[in-house]
Colleague: 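Take this structure first; my questions come after.
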Amino acid sequence: MPQLSVIVYGPNAQGHLTELLDSLEARPLPAAEVIVAAVGDWARETAEGHAPETVVVSLPEGTGDAAARAAGAARATGRWLHFVHAKDSLPAGAARLIAERTAELDAADGAGVDVLVFDHVTTTWQTAGTPSRDGRLLAAVGRDGLPLDEAADLLRLTPLLGNRALRAAFWRAHEQQLTTGDEPQAAHAALLHAGRVACLNQVAYENRLLRPESLPPLAPEDRFALIDRYDSLLSLAKDRRAARTVLYDLMMRDLVRTFAGENLPDAVAREFFRRASLTAVRWRPEKHEHPAGVEGVRHALLEEGAYTKYRAFQAANRARRAAKKAVRTRKKQVGAKLRDQQYHRALNRPVDPNLAVFAAYWDRGVSCNPAAIAAKLAELAPHIHQVWTVSKENTALLPPGTDHVVPGTRRYWETLATAKYLTNNVNFPNAVVKRPDAIHLQTHHGTPLKRMGLDQKEHPAAAKGLDFKALLARIDKWDYSLSANSHSTRMWERAYPARYTSLDYGYPRNDVFYTSGAQEVRTARERLGIPPGKTAVLYAPTHRDYEAGFTPRLDLAALADRLGEDTVLLVRAHYFYGGAASPLTGLRRSGRIIDVSSYDPVEELCLAADALVTDYSSIMFDYANLDRPIVVYADDWETYRTTRGVYFDLMTDHPGQVARTQEELTEIFASGAWRDESAAKARAAFRRRFCEYDDGRAAERVVRRVFLGEPEESLPPVIPLEERTPAPTPEEASA
């Protein structure tokens with residue numbers, strides 16, 4: 001019989017289950033077993049991918065936490081149970097620490113202690129490992145097991161099931177009471193039912209708070225559950241004076257905070273206040289004194305049931321705070337006053353249902369997913385007028401007849417203020433207001449290998465001072481987030497937690513890889529000047545956060561020489577770089593390579609190329625749709641992985657051959673390994689994972705759903721990968 005059963009339960013919220021199971025697998029413990037009560041397919045797939053000794057209990061999507069805990073506990077064989085939510089984590093050595101402490105308790109007094117409580121840290125979407133305030137409470141009790149009546153302040157511990165371990169026999173005796181209500185109710189009930197409670201004044205749990213804006217919103221009436229929770233707990237503690245006093249203090253604190261902090265509709269607020277007042281009066285201990293100051297006034301007004309007085313008191317406090325804030329912000333408002341006036345006047349106008357704004361790559365021009373969507377929109381809904389936001393220096397590059405606005409101009413702000421649809425593959429400025437009847441579509445511009453969004457916090461070289469608070473404000477404006485595969489969907493939900501709807505439709509810019517024929521492939525090669533019969537290799541490295549500029553990681557002249565006269569090397573520097581100082585200039589003039597750094601659209605380069613050489617650029621995910629050879633050149637993988645952070649190991653899950661040196665890269669092409677059977681096998685697995693939704697009809701799905709409002713079930717279904725036909729290879733196109 002194991003000493004400890006670690007019961008992981010719940011859905012794989014924002015991908016955190018992977019980290020939790022990785023940490024448990026990295027530090028196996030003979031005295032513990034791991035049971036995963038996996039809610040939903042993603043959690044099940046993640047759990048099944050870990051060590052074979054992990055027991056997986058598969059539960060349907062939507063199974064509640066209490067039911068998941070019960071299902072996991074039913075499979076447990078350990079003497080003690082530790083419930084760990086799938087979103088949370090365990091510090092290094094936590095399971096061993098708990099197992100050893102519970103074994104010590106068993107040896108000392110048999111079955112006398114039912115609950116072991118311990119310390120924890122808290123991680124949010126903005127901070128990591130913040131210490132709790134529970135340590136002083138744990139230290140005050142000491143290590144001896146005590147009845148709760150002798151240590152009632154333990155009820156003030158953060159009410160998590162994760163910061164306490166329960167004796168298995170105790171759980172089974174009280175399972176019904178411990179699976180009723182929410183987690184705080186179960187955590188408190190465990191202490192109230194326990195014979196004795198012991199403490200471990202060490203951190204053995206990490207509680208992760210998910211951003212509220214990434215979770216389904218609560219209905220206003222859900223706030224009543226807080227009153228019901230305390231009503232139930234106080235009923236359980238009615239004959240225990242010390243416990244009842246502590247619970248009453250906690251209840252008053254939580255009721256006041258909820259009422260003050262939630263923007264409840266008036267009818268709901270009045271009912272909440274009425275019920276809270278009745279509960280406060282019913283359970284108030286004899287001779288109980290209110291706290292001092294403002295908090296005491298709030299408690300008194302709540303017990304009195306004086307809703308109108310409470311609101312007046314609340315309004316007065318808010319007015320004082322607002323006055324102070326106004327003084328602080330007045331100077332900041334002066335500089336942008338004129339722009340704000342113009343913009344806000346425009347915001348008072350009705351939204352134009354036939355106006356759509358498009359932008360791509362920080363206003364560089366017509367490209368990427370927004371361009372593909374705009375083209376399909378012109379075909380399916382020509383009545384919707386399109387306007388592109390384009391920087392002044394890029395306006396000359398626009399296709400003839402493109403209506404556009406330059407950022408910062410009066411028409412720019414007026415257009416953004418009145419457009420029904422706003423589509424971008426990055427983000428619009430922070431100052432853009434999300435109108436309730438406007439629709440913001442985030443298309444993104446690649447499948448994420450590197451860490452993005454909030455996941456950059458742990459990688460300062462990548463974040464470079466990124467304002468995460470402003471980032472969260474921007475993503476809160478998204479109505480839709482577009483994905484090319486379920487990996488992207490899951491990583492976007494993790495990196496950009498908000499309430500948008502994920503559109504698993506594919507990337508519209510990749511439609512061309514399935515709609516193009518031999519003529520389009522030949523035309524793309526002719527435009528680039530690739531002679532007939534030559535093999536074109538596209539080299540497209542990505543940006544390094546730890547480098548100031550673009551430095552080719554290959555000796556391009558030597559590579560071109562080794563590839564031979566029958567090979568043309570297309571070199572595309574990342575769009576972050578450019579200008580006359582490019583190190584490609586000399587080589588471009590020599591004729592040994594073709595510099596395609598400024599060539600748009602990049603999809604034409606892909607159609608023209610027989611093979612792709614890249615490092616960590618997202619172009620590999622797009623190019624994989626063509627089912628043509630891909631070679632990864634990863635000379636600095638360890639440095640890149642460390643400084644930027646990655647979501648998966650490209651050295652394991654790669655789309656073809658991998659070279660770590662220029663000599664290896666040259667040999668891959670010289671030997672023909674770039675297109676051998678092993679490369680094809682790796683590419684096939686890569687395509688199954690990352691070309692999941694790209695089938696040539698992504699743009700149509702987006703336009704019909706977002707712009708025309710058609711229901712999901714009426715959209716063109718995604719064609720299975722094995723039934724798709726990519727554009728012909730250059731060799732096939734020339735036949």
Colleague: Quick one: does Thr123's side chain get under 4.5 Å of Asn207's, heavy atoms only?
Modeller: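 A side-chain contact is absent here, since even the closest heavy-atom pair is not under 4.5 Å.
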Colleague: Where do Asp479 and Lys434 land on the salt bridge (charged side-chain N to carboxylate O under 4.0 Å, His left out) test, with the steps shown first?
Modeller: CA-CA 10 Å; Asp479 292 290; Lys434 173 62 169 72; 3.2 Å; yes
Colleague: Quick one: do the Asn424 and His440 side chains pair a donor with an acceptor below 3.5 Å?
Modeller: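 The answer is no; no qualifying pair exists.
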Colleague: Find out whether the Lys NZ or Arg CZ of Arg683 is both under 6.0 angstrom from the six-membered ring centre of Tyr623 and within 45° of the ring's axis.
Modeller: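 The answer is no, since Arg683 fails at least one limit relative to Tyr623.
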Colleague: Atom CZ of residue position Arg675 - does it have more than 12 heavy atoms of other residues, nucleotides or ligands inside 6.0 Å?
Modeller: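 Atom CZ in Arg675 is not packed in, count stays at 12 or less.
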Colleague: Is any side-chain heavy atom of Val702 closer than 4.5 Å to one of Leu482?
Modeller: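 Side-chain contact under 4.5 Å: yes.
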Colleague: Parallel, tilted or perpendicular: which one describes the rings of Phe358 and Phe707, with boundaries at 30° and 60°?
Modeller: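 Aromatic pair Phe358/Phe707 classed parallel.
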Colleague: Just grab all the salt bridge (Lys or Arg N to Asp or Glu O under 4.0 Å) pairs involving residues 499-508, residues at least two apart or on different chains.
Modeller: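 Sorted pair list comes back empty.
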Colleague: Let me know which of Asp622, Leu538, Ile619 forms a side-chain contact (heavy atoms from CB on, under 4.5 Å) with Val602.
Modeller: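 With Val602 as partner, Asp622, Leu538, Ile619 yield a single side-chain contact (heavy atoms from CB on, under 4.5 Å), made by Ile619.
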Colleague: For Tyr361, is the NZ or CZ atom of Arg364 found under 6.0 angstrom from the centre of its six-membered ring and inside 45 degrees of the ring axis?
Modeller: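 Output yes; distance and angle both within limits.
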Colleague: Main chain of Tyr507, side chain of Asp694: is a donor-acceptor contact present, judged purely on distance under 3.5 Å?
Modeller: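 Such a contact is found between Asp694 side chain and Tyr507 backbone.
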Colleague: Among all residues two or more places apart in sequence or in another chain, which pass the side-chain hydrogen bond (donor to acceptor under 3.5 Å, both in side chains) test with Thr127?
Modeller: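 With sequence neighbours excluded, Thr127 shows a side-chain hydrogen bond (donor to acceptor under 3.5 Å, both in side chains) to Thr124, given in chain and number order.
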Colleague: Could you pull out all residues at least two apart from Arg641 that satisfy side-chain contact (heavy atoms from CB on, under 4.5 Å)?
Modeller: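 side-chain contact (heavy atoms from CB on, under 4.5 Å) check on Arg641 returns Trp637, Glu638, Val646.
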Colleague: So, for Arg701 and Tyr505, which heavy atoms are closest and what is the spacing to 0.1 Å?
Modeller: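 Here Arg701 and Tyr505 meet closest at NH2-O, 2.9 Å.
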Colleague: In terms of relative ring orientation, are Trp478 and His444 parallel, tilted or perpendicular, with 30° and 60° separating the classes?
Modeller: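 If you compare the ring of Trp478 with that of His444, the planes turn out perpendicular.
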Colleague: Going by atom types only, do Tyr514 and Asn625 share a side-chain donor-acceptor pair under 3.5 Å?
Modeller: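 Short answer, yes.
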Colleague: Is there a side-chain contact between Thr501 and Ser481, using heavy atoms and a 4.5 Å cut-off?
Modeller: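 When only atoms from C-beta onward are counted, Ser481 and Thr501 do not touch, as no gap falls below 4.5 Å.
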